[in-house]
There are 2 protein chains.
Amino acid sequence: MKIENAKAQMRKGVLEYCILSVLSDHDAYASDIINKLKEAKMIVVEGTLYPLLTRLKNSELLGYRWEESSQGPPRKYYEITEKGKEFLNELDDSWKELVDAVAFIRNYEQRTD
Amino acid sequence: MKIENAKAQMRKGVLEYCILSVLSDHDAYASDIINKLKEAKMIVVEGTLYPLLTRLKNSELLGYRWEESSQGPPRKYYEITEKGKEFLNELDDSWKELVDAVAFIRNYEQRTD
DNA sequence: TTATAGTACCTTGCAATACATGGTACTATA
DNA sequence: TATAGTACCATGTATTGCAAGGTACTATAA
């Protein structure tokens, strides 16, 4: 369905912004992050999240540590780095500019209706 | 520069939304569209716009007609179709959901600071 | 008439990311 | 020992923004 495809395209670039946001609040492991995003109605699956976390870690925007779990296998807790925080600020600016641009275009269109 | 790359990624999916918005207001040719988007600080170049207009036309979301110009070559005026208007509404909903999701995540993060 | 500038449109291949799919591994419990 | 629940992972596909190089029409200058 074409709108689903458009939604996926709109998520490109925004997901890393959201993940860095979630982690700037507190450290988390993958399942935590998925649940936090789900609360915001940003539905992300593991197949998307793990490669993205790896990419962010490789870019030194995130770090991680292993922690034992009282049940099940050990968990990989991710944390944002200083570099990640700086990048998050830049993403914040970019996102706001984009939202403003879209609002300008949409409001301009509706004003002339 | 990595932030420029992130910006390009954030524009994926959003550009077609903006272009359909611009054209739902009034018909336009490429240069018009580029200028309208520039007013909103959405910088788009021809190499991006022409393939996208072609894709939208092939998806029957847009139609076009040629019009002579008093100076220079003839111009291709694009217009949105009924199907395009319906899709624009769906894109509008999707965009708003995304913006709400991001706001939820960002506000949650700042509330706990 | 020819050459040039301005304007309009176009094609193609590359880079980057979301994600589906299939997989491995650890731990607790039966 | 086998199984269920949970956690993590790799890879290839699909899609779009866009840089780069191109063609073509029209008016104007030479």
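What you are looking at is a predicted structure, and each value in this text was computed from that prediction instead of being measured. Throughout, protein chains are lettered first and strands after them, A, B, ... in sequence-line order, and every chain is numbered starting at 1.
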Looking for any heavy atom pair under 4.0 Å, which part of the strands does A:Tyr17 touch: base, sugar-phosphate only, or nothing?
->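 No contact.
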Complementary nucleotide for D:dA20 - Watson-Crick or wobble, under 3.5 Å |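 Pairing partner, where one exists within any strand: C:dT11.
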Whom does D:dA4 pair with, Watson-Crick or G-U wobble, provided both distances fall under 3.5 Å?
->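 Answer to the pairing question: C:dT27, which forms a Watson-Crick or G-U pair with D:dA4.
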In this structure, how many angstroms lie between the [atom2] atom of [N] and the [atom1] atom of [X], rounded?
X: A:Met10; N: D:dT15; atom1: CE; atom2: C1'; answer: 14 Å
X: A:Arg75; N: D:dC9; atom1: CZ; atom2: C1'; answer: 18 Å
X: B:Met42; N: D:dT16; atom1: CE; atom2: P; answer: 16 Å

Kindly state which residues belonging to residues 26-35 of chain A come within less than 4.0 angstrom of DNA chain D, counting heavy atoms of the residue only, listed by number.
->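 The stretch gives A:Tyr29, A:Ala30, A:Ser31 as the residues lying under 4.0 Å from the strand, ordered by number.
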Between [X] and [Y], does any side-chain N to carboxylate O distance fall below 4.0 Å?
X: A:Glu86; Y: A:Lys83; answer: no
X: B:Arg75; Y: B:Asp32; answer: no
X: B:Glu79; Y: B:Arg65; answer: yes

Check whether any side-chain heavy atom of B:Glu16 sits under 4.5 Å from a side-chain heavy atom of B:Phe87, and report yes or no.
->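 They are in contact (side-chain heavy atoms under 4.5 Å apart), so the answer is yes.
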Given side chains that start at C-beta, do those of B:His26 and B:Lys36 come closer than 4.5 Å, heavy atoms only?
->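 The answer is yes; the side chains approach within 4.5 Å.
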Residues that A:Tyr77 engages under ring pair (Phe, Tyr, Trp, His ring centres under 6.0 Å), provided they are two or more places apart |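 With neighbours one apart ignored, the set is A:Tyr29.
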Residue of the set A:Leu88, A:Thr81, A:Asp92, A:Leu15 for which side-chain contact (heavy atoms from CB on, under 4.5 Å) holds with A:Leu20 =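 Of all the options given, the one that passes is A:Leu88.
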Take nucleotides 17-30 of chain D nucleotide by nucleotide from the 5' end and write B, S or -, depending on whether a protein heavy atom sits under 4.0 Å from the base, only from the sugar-phosphate, or from neither.
-> SBBB----BS----
Closest approach of B:Pro73 and B:Ser69, non-hydrogen atoms and distance?
->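 Closest approach of B:Pro73 to B:Ser69, heavy atoms only: O-CB, 3.4 Å.
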Is any side-chain N or O of A:Asn5 closer than 4.0 Å to OP1 or OP2 of D:dT16?
->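 So the side chain of A:Asn5 is within the cut-off, an N or O lying under 4.0 Å from OP1 or OP2 of D:dT16.
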